[in-house]
Amino acid sequence: MSENSLETMRHSAAHIMAAAVQSLWPEAKFDIGPDTAEGFYYDFDMEHRLNQEDLKKIEKAMRKMIGRKLPFERRELSRKEAEAYFAEKGQSFKLQRLADIPEDETVSLYSSGDFTDLCRGPHLEHSGQIGAVKLLSVAGSYFRGDEKLPMLQRIYGTAFPSQEELQDYLNRIEEAKKRDHRKLGAELELYSIHEEIGPGLVCWHPKGARIRHIIEEFWKRAHYDNGYEMLYTPHVGKKRLWETSGHLDFYSEGMYSAMDIDGDPYYVKPMNCPFHILVYKSRPRSYRELPCRWAELGTVYRYEKAGVLHGLLRVRGFTQDDAHIICTPEQIEDEIREVLRFSLYVWKSFGFKEIKAYLATRPEKAVGEPERWEQAIASLRKAVQAEGLQCETDEGGGAFYGPKIDLKIKDALGREWQTTTIQFDFNEPERFDISYIGKDGAKHRPYMVHRALLGSLERFFGILIEHYAGAFPLWLAPEQVRILPISEKFDQYARNVAARLREKQIRLSLDLEPDTIGGKIRRARNQRIPYLCIVGEKEEESGSVALRSQSKGEEGMMKIEDFLARIQKEIDELA
RNA sequence: GCCAGCAUAGCUCAGUGGUAGAGCAGCUCAUUCGUAAUGAGCAGGUCCUCGGUUCGAGUCCGAGUGUUGGCUCCA
């Protein structure tokens, strides 16, 4: 049985890679080798530590096998026979994988050349049908992904039908490297992380901070316009608070150890919710004042394992664009829908159009009555449908305290990023015993929803840098315009132009260095400045600038008023 | 945290056991220029840290720190 899909080809390529590894290191033990979204991998266990040189050797052996058009031969056999086969070969991982196969399923082996693998298939007819192959990297990987189990060596590779398609893929990787926010972050002087301060702790430089400020202003305006109020809350709280909230029971591995203040242990906050709840609890609440929509750009600190830190995308101190919505059960559906609508508006404003939803439902171990879970999930589902979002359901994937919707956005390179999260919480309202007085004069338990739209400002900034490849749209650009006089003779005119633009709050600089115009342009281009105004004799005579834009290049002479009108319009449209 | 790499000037990198190098950036001087690099000069180093081997370590060995690619986890 064979099927010539890309997945099948990659899976077959994984087999051929395993065969090549077996030919080079006969003592290797094999785990599994599936295809992935981008290619394939195979996990091995052996004494020899694989390196880059080995990948070349393996690739070479693979090419040979591909050239020999080795058939993939399927053989079905009894569980006993299969066990005997892998036991004889000393393939202990294969024996464990074999034990995972349900009793009623047939056990099949696939052979290609001297390599035989436990495999459901399907495969290509023969290895000659594998197109262009490339091995990419070696990495460690736990058996079954469990950190208590042995660490295996994983080789990642990819395969495409043709050399051209493979080259396209490799070019995309190159393009992604050029956009890497860590590289651009240093080049454009946006942020830095210092060994002396600590890993995962971010310093925002003037240009990065300027962008953050613009994001925050936009965010606050949008929240006020959409019925939210802002809170500011402290960075630390007593041990007792975190016991009440349940964080010390369920989240302690993410929290830093306590500090002593007057003999009392205090913890730095990993979340803002307990503080918001105490604001709610500061006096009795009536149903008339619900929903409460309270937002905060709350800076939190979470312990992340050293190996997972990654630029701005995974850090230990970050600012969540957090909010908590406390409302009555009758309001919950509208509230969820409103949050989702608001989130999509924010994403659109920042230039992200493709968005997918992931709904996570009740896990085995959960708090809260099942009916509440059902109502919550139903309202999440309705909201997603109402907004016409594509949605996948992750059954049992919710947190123990409530179901959630996560949004993933697609960037300019088609990569997905998890950002927005909208989470029900049936735990904390109980633990803090919060209530509201209903129409009936009785106390009722409100619903509570946590939500972060951008996720965290650090992570969002990282995504934004890569999405725009450092060339921020005009409204976000830290330096919107640079004025470049042709020579020092026109410095004064350049200053006059700058003054005209500054009156309109345009962020700009003047390049008065004694360089050639080519040198100045090059420098400005490298800084990804949206508009360059080149000024010389002709411009001075006519009260204009020679415009060069980041997106279109040379655009010719333009009156200062016309230029101002144009960029003002662009800024207003968040373009 | 675990596995495997990497760490030399602000940045990108060369330097295989014998006196630390280049380009760019910086500073100074000259040049006054029309759309992606004007020229010359100067300055710049705890070769990540600590320990070891050696007559001698940027180079070899060990430990630590940071970082990269993964695993696990997640905003």
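Reminder, nothing fancy here: chain letters follow the sequence lines and each chain counts from 1.
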Is the A/H48 ring parallel, tilted or perpendicular to the A/W25 ring (thresholds 30°, 60°)?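 Parallel, since the angle between the ring planes stays under 30°.
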Using the ring of each side chain (for Trp, its six-membered ring), is A/F250 parallel, tilted or perpendicular to A/F400, with breaks at 30° and 60°?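 Tilted, since the angle between the ring planes falls between 30° and 60°.
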What N/O pairs connect the protein and nucleotides 58-61 of chain B at under 3.5 Å? Give each pair on its own line.
none

If you look at every heavy atom in A/R528 and A/A469, which pair is closest and at what distance?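 Shortest heavy-atom contact: NE-O, 3.4 Å.
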Scan residues 455-470 of chain A against RNA chain B and write down, sorted by residue number, each residue with any heavy atom closer than 4.0 Å; if none is found, say none.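 Contacting residues: A/G455, A/S456, A/R459.
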Using heavy atoms and a sub-4.0 Å distance, could you list which residues of residues 343-358 of chain A are near RNA chain B? By number, please.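 The stretch gives none, as no residue of it lies under 4.0 Å from the strand.
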Protein-nucleotides 32-35 of chain B N/O pairs under 3.5 Å:
residue: B/U32; atom: O2; partner: A/E488; partner atom: N; Å: 2.8
residue: B/U32; atom: N3; partner: A/E488; partner atom: OE2; Å: 3.2
residue: B/U32; atom: O4; partner: A/E488; partner atom: OE1; Å: 3.3
residue: B/U32; atom: O4; partner: A/E488; partner atom: OE2; Å: 2.5
residue: B/C33; atom: OP2; partner: A/K489; partner atom: NZ; Å: 2.3
residue: B/C33; atom: N4; partner: A/P514; partner atom: O; Å: 3.3
residue: B/G34; atom: O6; partner: A/E537; partner atom: N; Å: 2.8
residue: B/G34; atom: O6; partner: A/K538; partner atom: N; Å: 3.3
residue: B/G34; atom: N1; partner: A/E539; partner atom: OE1; Å: 2.9
residue: B/G34; atom: N1; partner: A/E539; partner atom: OE2; Å: 3.4
residue: B/G34; atom: N2; partner: A/E539; partner atom: OE1; Å: 3.4
residue: B/G34; atom: N2; partner: A/E539; partner atom: OE2; Å: 2.6
residue: B/U35; atom: O2'; partner: A/R548; partner atom: NH1; Å: 2.9
residue: B/U35; atom: O2'; partner: A/E554; partner atom: OE1; Å: 2.8
residue: B/U35; atom: O2; partner: A/R548; partner atom: NH1; Å: 3.0

Determine, for nucleotides 62-67 of chain B in 5'-to-3' order, which nucleotides have protein heavy atoms under 4.0 Å from the base (write B), from only the sugar-phosphate (write S), or from neither (write -). ---SSS
Would you say A/T420 and A/S343 are linked by a side-chain donor-acceptor pair, where the criterion is simply a distance under 3.5 Å?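 On atom types as modelled, these side chains qualify, holding a pair under 3.5 Å.
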Is it true that the side chains of A/H205 and A/S192 contain a donor and an acceptor less than 3.5 Å apart?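 A/H205 vs A/S192: donor-acceptor pair found between side chains.
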What's [X] touching, base or sugar-phosphate or nothing? Going by heavy atoms closer than 4.0 Å.
X: A/D321; value: nothing
X: A/V300; value: nothing
X: A/R49; value: sugar-phosphate

Quick one: are A/L564 and A/I506 in side-chain contact, heavy atoms under 4.5 Å? yes
List the residues meeting salt bridge (charged side-chain N to carboxylate O under 4.0 Å, His left out) with A/R522, not counting sequence neighbours, and say none if there are none.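 Salt bridge (charged side-chain N to carboxylate O under 4.0 Å, His left out) list for A/R522, sorted by chain: empty.
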